[in-house]
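Everything on this sheet refers to the single structure shown next.
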Protein chains: 2
Amino acid sequence: MVVISPKLDHILEALEQAATLEGLQTASEALCAHYELAHVVYHWVDSAGDQYGCGTYSVAWQERHLDQNYLRTDPVVSGCYQRFHPVDWKRLDWSSKAARALLLEAIEHGVGNQGFTVPIRGPNGQFALFTVNNTCSDSEWQVFTEANRRDLILIAHYFNQKALEFEPGRTPETSQALSPREIDAMTLLAIGYSRAQVANTLSISEHTLRVYIESARFKLGALNTTHAVARALSRGLIVV
Amino acid sequence: MVVISPKLDHILEALEQAATLEGLQTASEALCAHYELAHVVYHWVDSAGDQYGCGTYSVAWQERHLDQNYLRTDPVVSGCYQRFHPVDWKRLDWSSKAARALLLEAIEHGVGNQGFTVPIRGPNGQFALFTVNNTCSDSEWQVFTEANRRDLILIAHYFNQKALEFEPGRTPETSQALSPREIDAMTLLAIGYSRAQVANTLSISEHTLRVYIESARFKLGALNTTHAVARALSRGLIVV
DNA sequence: GTGTACCCCACCATAATTGGGGAGTTGGAA
DNA sequence: TTCCAACTCCCCAATTATGGTGGGGTACAC
């Protein structure tokens with residue numbers, strides 16, 4: 001593996017000009033060649049089964065990964081989920097048997113023994129991973145990751161920005177604004193108050209409070225109070 | 001305002017070496033001087049009153065901002081909450097009267113008329129903003145932001161990384177992981193299913209479901225189901 | 001000055017949720 | 001092996017939430 005100082009501008013510009021998912025695919029392959037890596041992968045992690053990603057992993061491995069309940073098994077996914085900073089695979093927790101089995105299987109599918117993954121988070125709990133990996137020694141890998149850490153963070157950011165553009169359906173819902181009282185009500189409910197407590201806190205009757213909750217539920221298209229609070233939260237209308 | 005190509009390495013290294021919150025404060029002042037900006041602010045947004053941040057805003061304005069119920073009023077906060085990419089203040093929604101009043105008041109407190117804010121998200125629903133702002137013309141500001149966009153993203157990233165290091169108490173074991181079934185239950189509740197529907201969907205008895213909900217409630221330290229769902233959402237344990 | 005959106009209060013009855021018990025299986029980790 | 005966490009099931013009674021309907025008031029914009 002040769003460490004090359006990347007032409008970051010070119011890479012990011014190519015990413016910015018990508019107009020489709022295929023463009024991202026091409027970009028990841030270009031990145032892979034540029035850095036002389038085994039794999040470069042962007043992967044939108046989503047509880048609803050996998051779906052969205054691109055990169056140079058083999059199709060067989062991607063499918064296998066899905067089958068494996070990887071969301072809960074793969075230390076890369078669960079480890080990154082709890083971290084903010086990019087992480088070298090060596091520093092993850094491989095103590096569980098399932099995790100080690102997954103790694104062995106990955107290597108059989110052509111995944112390198114060294115990996116470096118950047119967690120990325122977007123609105124509404126969106127979560128994605130940007131991974132580079134290769135087969136090489138620990139020291140070689142360390143040199144590479146330290147040299148390119150910042151670039152990789154930026155590349156990950158741009159990948160995710162594009163992915164969010166291409167999949168707007170995930171963050172849509174131009175939501176109708178809530179009135180101040182409705183926001184009060186939703187907020188207090190979200191922090192665990194019962195209806196009686198909320199009414200008391202707002203110094204209004206419980207009946208009045210109910211009107212607000214129903215109104216908020218209507219505006220949010222929610223089926224019940226919990227749903228309304230969940231929507232208000234994930235749309236950023238209230239913050240807890 | 002003069003646009004200077006930043007010595008990014010020096011800036012980021014200084015950030016990495018910061019050992020305390022004061023270090024970040026110093027870093028933001030240095031950044032401010034370096035880019036010749038009116039203000040540079042890192043701001044951990046948290047519903048529990050404000051608390052954590054650093055930067056060059058006047059103390060008076062910070063306190064005023066808090067008083068103002070800024071979480072709901074400030075378009076910078078609410079707008080960034082729904083975006084992934086950095087955003088120029090001009091592109092936010094200033095149509096509400098309260099928002100415009102806030103901006104006017106901000107300018108009176110020495111905040112510049114131009115702003116650029118990078119949203120940053122960490123584990124467990126952590127959310128923060130990194131803002132640079134200045135008083136200048138639209139075109140000057142555009143030149144500045146386009147020239148420094150990538151650097152600002154990286155700087156924001158490093159600020160947040162440090163903030164997370166300094167304040168581990170906010171994210172650590174606070175959030176105990178939920179079991180798969182608990183996640184299922186919380187997720188379905190968050191999308192509006194009633195208990196009966198959830199139980200039916202998961203093909204378990206409603207009584208069993210109740211055990212999961214109670215267990216999740218306990219793990220999340222929640223007072224009731226709505227609270228539990230809200231916490232699971234804002235900690236990023238479930239996605240809707 | 002008519003509409004619209006917000007704010008406040010009341011009754012009824014039914015449906016749903018919660019809190020307190022107890023009990024058994026499995027599979028993986030120590 | 002033993003332990004533990006996760007998964008599954010059950011009862012009862014009390015509390016809470018919901019779905020209707022009705023009424024009043026203010027403020028602002030067109």
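Each chain gets a letter, A, B and so on, in the order its sequence line appears, and its residues count up from 1. What you are looking at is a predicted structure, and each value in this text was computed from that prediction instead of being measured. Computation of the quantities below employed the complete heavy-atom set of this structure, encompassing side-chain atoms and omitting hydrogens, waters and symmetry-equivalent molecules.
For the residue pair A:Thr226 / B:Thr226, a side-chain donor-acceptor distance below 3.5 Å is found, with atom types taken as modelled. Side-chain contact annotation: B:Ser137 with B:Glu140, donor-acceptor N/O pair under 3.5 Å present. A:Ser95 and A:Asp93 form a side-chain donor-acceptor contact under 3.5 Å, judged by distance and modelled atom types alone. Between the side chains of A:Gln114 and A:Asp138, at least one donor-acceptor pair of N or O atoms lies under 3.5 Å.
Looking at which nucleotide of DNA chain C each of B:Thr226 and A:Ala98 is closest to, the 5′-most match is held by B:Thr226.
The CZ-P distance, from B:Phe218 to C:dG19, rounds to 13 Å in whole Å. Whole-Å rounding puts the A:Leu223 CG to D:dT18 P distance at 11 Å. Distance NE2 (B:His207) to P (C:dT18): 14 Å, rounded to an integer number of Å. Rounded to whole Å, atom P of D:dT18 lies 7 Å from atom CD1 of A:Ile213. Following rounding to the nearest Å, A:Tyr193 (OH) and C:dT17 (P) show an atom-to-atom distance of 24 Å. In this structure, CD of B:Glu206 is placed 17 Å from C1' of D:dC7, rounded to the nearest angstrom. Protein atom CD of A:Gln197 is 14 Å distant from nucleotide atom P of C:dT18, rounded to whole Å. As a whole-Å value, the separation of A:Leu209 CG from D:dA17 P is 9 Å.
To the nearest 0.5 Å, the span separating CE on B:Met186 from CD1 on B:Ile213 amounts to 5.5 Å. To the nearest 0.5 Å, atoms OG (A:Ser215) and CG (A:Leu178) are separated by 7.5 Å. Taking NZ of B:Lys162 as the start and SG of B:Cys54 as the end, the distance is 12.5 Å to the nearest 0.5 Å.
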Under 3.5 Å between N/O atoms: give me all the protein pairs with nucleotides 3-6 of chain D, atom names plus distance.
unit_1, atom_1, unit_2, atom_2, d
D:dA6, OP1, B:Lys219, NZ, 3.4

Pairs under 3.5 Å (N/O, protein and nucleotides 20-25 of chain C):
unit_1, atom_1, unit_2, atom_2, d
C:dG20, O6, B:Arg210, NH2, 2.6

Within the sub-3.5 Å range, which N or O atoms of nucleotides 25-30 of chain D have a protein N or O partner, and how far apart are they?
none

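In terms of heavy-atom proximity, B:Gln82 sits nearest to B:Arg121 at N-NH2, 4.2 Å.
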Derivation and outcome, side chain to side chain contact (heavy atoms under 4.5 Å, CB included), residues A:Tyr35 and A:Val40
CA-CA 9 Å; A:Tyr35 286 106; A:Val40 171; 5.7 Å; no
With salt bridge (charged side-chain N to carboxylate O under 4.0 Å, His left out) as the criterion, how do B:Arg91 and B:Asp88 come out once you've worked through the C-alpha distance, each side chain's angles and the decisive distance to 0.1 Å?
CA-CA 6 Å; B:Arg91 307 187 62 179; B:Asp88 190 301; over 6 Å; no
Please walk me through it: do B:Glu206 and B:Arg210 pass salt bridge (charged side-chain N to carboxylate O under 4.0 Å, His left out)?
CA-CA 6 Å; B:Glu206 205 175 321; B:Arg210 257 183 51 192; over 6 Å; no
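When the side-chain nitrogen and oxygen atoms of B:Ser194 are compared with OP1 and OP2 of C:dA16, none of them lie within a distance under 4.0 Å. Side-chain N/O atoms of A:Arg195 include none lying less than 4.0 angstrom from OP1 or OP2 on D:dT16. Proximity of B:Thr208 to the phosphate of D:dT8: no side-chain N or O atom is located under 4.0 Å from OP1 or OP2.
Direction of the helix axis in the helix from C:dG1-D:dC30 to C:dA30-D:dT1 shifts by 60° between the two five-pair termini, rounded to 10°.
Applying the ring pair (Phe, Tyr, Trp, His ring centres under 6.0 Å) definition to pairs two or more places apart or across chains, those involving residues 98-130 of chain B are B:Trp61-B:His109, B:Tyr81-B:Phe127, B:Phe130-B:Phe159.
Scanning for salt bridge (Lys or Arg N to Asp or Glu O under 4.0 Å) contacts around A:Glu105 gives A:Arg64, with sequence neighbours left out.
Annotation: A:His157 is in aromatic contact with B:Phe84 [ring centroid separation under 6.0 Å].
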